[in-house]
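Beneath this line is the structure, given in structure tokens, with notes to follow.
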Amino acid sequence: MTPAIDLLKKTRAEHWVHSYTHDPKSPSYGLEAAEKLGLDPARVFKTLLVASEKNELLVAVVPVVGNLDLKALAQAAGVKKVDMADPQAAQRATGYLVGGISPLGQKKRLRTFIDESARTHATIYVSAGRRGLEVELQAEVLAERSGAIFAPIGRY
């Protein structure tokens, strides 16, 4: 399937895979997933990559209905400043294409931060590593399998 799903299967993590037909013209991959799967968008999370002032790539997982608070992420990561990563650098580091980057099963293990709002849901949805493919799992399982920490990094 994808490295993300392979990781979940290998570690016997409870998860459910959901697929839909991706429309390449869709302006928002995450909102498209919520709409096509009939989900509350607050439970669908996008995976974003940022670069610190030292060019360290970091992974941020935030709800598709909000935005990433760059200052809050920098504070959580203990760095001075972060900016959105170059899409090509994100693809090289993760092994996934933009729009299908999963926080799981990336080529390089990057420090990962999940917005604390994820803990308010029984399960959340993140990219399973391909456009049109989502994985549903508990936020704690995502944190454990990705080595992530929870932090207030979303803006609503």
Step-by-step side-chain contact (heavy atoms from CB on, under 4.5 Å) determination, Leu31 to Val44: CA-CA 8 Å; Leu31 291 174; Val44 180; over 6 Å; no
Check the pair Thr11 / Arg145 against side-chain contact (heavy atoms from CB on, under 4.5 Å), numbers first and verdict last. CA-CA 8 Å; Thr11 60; Arg145 297 306 190 275; 2.7 Å; yes
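Lys81 contributes no side-chain N or O that, together with a main-chain N or O of Ala74, makes up a donor-acceptor pair within less than 3.5 Å.
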I'd like a table of donor-acceptor pairs (distance under 3.5 Å, sequence neighbours excluded) in which one partner is a side-chain atom from residues 91-103, with atom names and distances.
from   : atom 1 : to     : atom 2 : distance (Å)
Gln91  : OE1    : Val98  : N      : 2.9
Thr94  : OG1    : Ala90  : O      : 2.8
Thr94  : OG1    : Tyr96  : N      : 3.1
Tyr96  : OH     : Ala4   : N      : 3.0
Tyr96  : OH     : Leu104 : O      : 2.8
Tyr96  : OH     : Gly105 : O      : 3.4
Ser102 : OG     : Leu104 : N      : 3.1
Ser102 : OG     : Ser127 : O      : 2.8

Listing, residues 55-68 side-chain donor-acceptor contacts under 3.5 Å, not counting sequence neighbours, or none:
from  : atom 1 : to     : atom 2 : distance (Å)
Glu56 : OE1    : Arg111 : NH2    : 3.1
Glu56 : OE2    : Arg111 : NE     : 2.8

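When the salt bridge (charged side-chain N to carboxylate O under 4.0 Å, His left out) test is applied to Arg130, no partner is found at least two apart in sequence or on another chain. Not a single salt bridge (charged side-chain N to carboxylate O under 4.0 Å, His left out) links Lys107 to another residue, sequence neighbours left out. Applying the side-chain hydrogen bond (donor to acceptor under 3.5 Å, both in side chains) criterion to Gln138, with sequence neighbours excluded, gives no partner residue.
Considering only heavy atoms from C-beta on, Leu142 stays 4.5 Å or farther from Phe45 through its side chain. Looking only at side-chain heavy atoms (C-beta outward), His22 and Lys36 stay at 4.5 Å or farther from each other. Residues Leu133 and Ile5 form a side-chain contact, since some pair of their non-hydrogen atoms from C-beta on lies under 4.5 Å apart.
Screening residues 39-53 for salt bridge (Lys or Arg N to Asp or Glu O under 4.0 Å) gives Arg43-Glu136 as the qualifying pairs, with residues at least two apart or on separate chains.
In this structure, the separation between CD1 on Ile149 and CD1 on Ile114 is 9.5 Å, given to the nearest 0.5 Å. The line from CZ of Arg131 to CG of Asp23 is 11.5 Å long, rounded to the nearest 0.5 Å. To the nearest 0.5 angstrom, Glu32 atom CD is 9.5 Å from Glu134 atom CD.
With hydrophobic clusters built from ILVMFWY side chains whose heavy atoms lie under 4.5 angstrom apart, Ile124 shares a cluster with Leu7. Linking Ile, Leu, Val, Met, Phe, Trp and Tyr whenever their side-chain heavy atoms come within less than 4.5 Å puts Leu73 and Met84 in one cluster.
Among all heavy-atom pairs drawn from Ile153 and Ala76, the shortest one is CG2-CB, 4.4 Å. When all heavy atoms of Ser117 and Tyr156 are compared, the closest pair comes out as OG-OH, 3.2 Å. Smallest separation of non-hydrogen atoms from Val17 and His15: CG2-CD2, 3.9 Å. Considering all non-hydrogen atoms of both residues, Val141 and Ala13 come closest at CG1-CB, 3.7 Å. Residues Ser19 and Leu37 share a closest heavy-atom pair of O-CD2, 3.7 Å. Considering every non-hydrogen atom in both Tyr20 and Tyr29, the closest pair reads OH-O, 3.8 Å.
Aromatic ring pairs are classed by plane angle as parallel below 30°, tilted from 30° to 60° and perpendicular above 60°; the pair Tyr125 and His18 is tilted.
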